[in-house]
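Data first, discussion second: the structure below is written as structure tokens.
These values consider heavy atoms only, across backbone and side chains, with no hydrogens, waters or symmetry-generated copies. Here is the naming used below: chain letters follow the sequence lines, and residue numbers restart at 1 for every chain. Everything numeric in this text was worked out from a predicted model, so none of it was measured.
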Number of protein chains: 2
Amino acid sequence: MRKALLSTARERDPDARKERIVNAAGEVFAKTGFAEGSVREISRQAHVNVASINYYFGSKEGLYREVLLTAHRQLLDQEPPPSPAADPELALREWIEFCLRFVLLKRSAHPVLGRLMAHEMRQPTAALAELVKLVIKPIFSNLVGIVNAVTNGTLDKPAREMSAHQIVAMCVHFDHSREVIGRLGFAVPEAEVGIQRLADSITNMALRGLKLPTPKKTRSTK
Amino acid sequence: MRKALLSTARERDPDARKERIVNAAGEVFAKTGFAEGSVREISRQAHVNVASINYYFGSKEGLYREVLLTAHRQLLDQEPPPSPAADPELALREWIEFCLRFVLLKRSAHPVLGRLMAHEMRQPTAALAELVKLVIKPIFSNLVGIVNAVTNGTLDKPAREMSAHQIVAMCVHFDHSREVIGRLGFAVPEAEVGIQRLADSITNMALRGLKLPTPKKTRSTK
DNA sequence: ATTGTAATCAAACAGCCGTTTATAAACGGC
DNA sequence: GCCGTTTATAAACGGCTGTTTGATTACAAT
């Protein structure tokens with residue numbers, strides 16, 4: 001140890017430094033979104049000089065891109081999608097449970113991602129297309145396949161996808177609109193038991209809705 | 001030089017002025033949200049001095065609150081909720097059609113509101129609680145009542161509300177997540193015919209899901 | 001005609017923003 | 001020891017932010 005720990009010794013560890021920046025950026029961006037999060041706040045929180053951010057990531061936007069991708073990589077590692085079950089109905093139930101747990105628990109598991117996704121949804125950046133292609137599309141295709149199995153192939157592609165989107169809707173809504181749902185007096189489940197109950201209700205509605213083809217009972221006129 | 005009618009004669013009409021400010025603020029806030037929208041941009045777009053905004057609305061946030069409430073008032077005027085039908089199933093179908101049309105057509109009818117609501121969902125301000133209470137809650141209660149009628153009162157309050165939220169989910173999802181849904185290859189309907197088809201599908205799933213009480217068929221263990 | 005008050009404005013204020021620059025320290029290779 | 005390179009920093013840059021100020025205008029009441 002030639003350089004005995006000075007009080008303000010320069011720490012020379014680019015990787016640890018970059019990681020600290022990315023973590024701090026995740027928290028800051030998650031709190032306020034891309035535009036409102038400031039690099040100074042990030043640098044403060046990461047105990048790093050402001051210039052380091054541009055030095056390592058080129059720009060604020062470069063840092064954001066890094067944060068978004070890193071967050072997804074971490075999340076997928078700790079919350080893998082379900083392996084498809086043989087029984088279609090069971091597969092559907094498990095998919096719904098997975099999706100629900102994903103959207104309702106991901107906040108505590110990884111508080112950054114949920115909000116980042118929400119921001120992407122409102123002001124899509126180039127990263128969203130990549131995200132959909134790499135992460136969301138495979139999982140959604142999985143669901144479409146299950147829907148096809150449950151309905152014995154009686155639905156055409158648009159109808160299958162529409163139904164699948166409806167199922168996704170019932171899962172993500174409770175995360176997406178929790179601010180409104182909570183204010184409407186309904187407690188969005190945050191524990192396993194509540195999520196199971198919600199999964200039951202959604203699975204029930206999805207299964208019944210899929211079981212028989214649409215009876216084409218459009219009302220004539222008002 | 002008493003400067004009689006100068007080219008930039010002062011226009012003395014506070015009401016028209018305030019309205020111009022609110023309109024401009026709506027467009028600006030809708031484009032970029034509250035924090036990113038600047039009062040200078042608004043003042044420029046409203047052909048008004050910057051100071052006028054604080055003079056009339058106290059602060060940027062005061063102006064935002066005014067915009068949000070005004071937008072809702074206007075929208076409700078031109079898109080009234082359905083009068084409850086005698087037949088519960090018909091009432092449900094009409095409610096879903098109303099809700100779908102509301103979320104899918106409101107952008108062209110009033111492009112400001114959708115984005116404002118989205119921003120509120122992300123970073124709720126004090127205005128959201130008021131909004132829920134005055135606008136959303138009555139409409140939602142309407143739906144809960146319909147759900148109760150369809151199920152012949154066999155569901156308790158939490159179950160009724162949960163089902164109602166699921167139905168709302170299927171309607172709003174196609175607006176909320178349209179960026180992702182579009183990128184998944186599904187065309188979110190924007191015309192009347194597509195909305196009708198979607199309303200059919202949602203109504204079908206909702207009705208079948210509600211018709212019989214949950215069979216309590218929770219799977220034992222994995 | 002004068003006064004009082006509300007409305008409007010240009011300009012200034014204080015502060016934060018992302019980025020750049022010049023400088024300095026720590027390192028590996030010679 | 002000297003070198004070029006990488007890493008880290010403080011300070012400055014130019015620009016934008018919401019808000020305030022103080023002067024000026026218009027109009028209604030006196």
Quiz item: For DNA chain C, what is the dot-bracket line, given that a base pair needs Watson-Crick (N1 to N3, plus N6-O4 or O6-N4) or G-U wobble (N1-O2 and O6-N3) geometry with both distances under 3.5 Å, and | means paired with another strand?
Solution: ||||||||||||||||||||||||||||||
Quiz item: Which residues satisfy the side-chain contact (heavy atoms from CB on, under 4.5 Å) test with B:L69, sequence neighbours excluded?
Solution: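 Only B:R73, B:E130, B:L131 meet the side-chain contact (heavy atoms from CB on, under 4.5 Å) criterion with B:L69.
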Self-check item: Base versus backbone protein contacts along nucleotides 13-20 of chain C [heavy-atom cut-off under 4.0 Å; B, S, -]
Solution: ----BBBB
Practice problem: Using a strict 4.0 Å threshold on nitrogen-to-oxygen distance, state whether A:R101 and A:E192 make a salt bridge. | Solution: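 So A:R101 pairs with A:E192 through a salt bridge.
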Quiz item: Salt bridge between A:E27 and A:K31, side-chain N to carboxylate O under 4.0 Å?
Solution: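 No, this pair does not count.
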Without decimals, in angstroms, what is the distance between [X] [atom1] and [N] [atom2]?
| X | N | atom1 | atom2 | answer |
| --- | --- | --- | --- | --- |
| A:Y55 | C:dA24 | OH | P | 18 Å |
| A:H47 | D:dT9 | NE2 | P | 12 Å |
| A:D15 | D:dT7 | CG | P | 9 Å |

Please set out all donor-acceptor pairs under 3.5 angstrom arising from side-chain atoms of residues 155-164 of chain A, sequence neighbours excluded.
{"unit_1": "A:D156", "atom_1": "OD1", "unit_2": "A:A159", "atom_2": "N", "d": "3.2"}
{"unit_1": "A:K157", "atom_1": "NZ", "unit_2": "A:E161", "atom_2": "OE2", "d": "3.4"}
{"unit_1": "A:R160", "atom_1": "NH1", "unit_2": "A:N148", "atom_2": "OD1", "d": "3.4"}
{"unit_1": "A:R160", "atom_1": "NH1", "unit_2": "A:L155", "atom_2": "O", "d": "2.9"}
{"unit_1": "A:S163", "atom_1": "OG", "unit_2": "A:A159", "atom_2": "O", "d": "3.1"}

Self-check item: Distance test, side-chain N/O of A:R17 to OP1/OP2 of D:dT7, below 4.0 Å
Solution: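 A:R17 to D:dT7 OP1/OP2: no side-chain N or O under 4.0 Å.
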Please output the side-chain donor-acceptor pairs of residues 180-190 of chain B that fall under 3.5 Å, not counting sequence neighbours, one pair per line with the distance.
{"unit_1": "B:R183", "atom_1": "NE", "unit_2": "B:E179", "atom_2": "O", "d": "3.0"}
{"unit_1": "B:R183", "atom_1": "NH2", "unit_2": "B:E179", "atom_2": "OE1", "d": "2.6"}

Self-check item: Residues which pass side-chain hydrogen bond (donor to acceptor under 3.5 Å, both in side chains) with B:R44, listed by chain and number, not counting sequence neighbours
Solution: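 For B:R44 the side-chain hydrogen bond (donor to acceptor under 3.5 Å, both in side chains) partners, ignoring immediate neighbours, are B:E41.
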Quiz item: When the ring planes of A:W95 and A:F98 are compared, do they come out parallel, tilted or perpendicular, using 30° and 60° as the limits?
Solution: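 The rings of A:W95 and A:F98 stand perpendicular, inter-plane angle above 60°.
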Quiz item: Hey, what's the ring geometry for B:H165 with A:F174, parallel, tilted or perpendicular (30° and 60° as the breaks)?
Solution: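 Plane angle over 60°, so perpendicular.
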Quiz item: Checking all strands, does B:Y56 fall into the base, sugar-phosphate, or nothing category for heavy-atom contacts under 4.0 angstrom?
Solution: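 The answer is sugar-phosphate, as B:Y56 gets under 4.0 Å only of primed atoms, P, OP1 or OP2.
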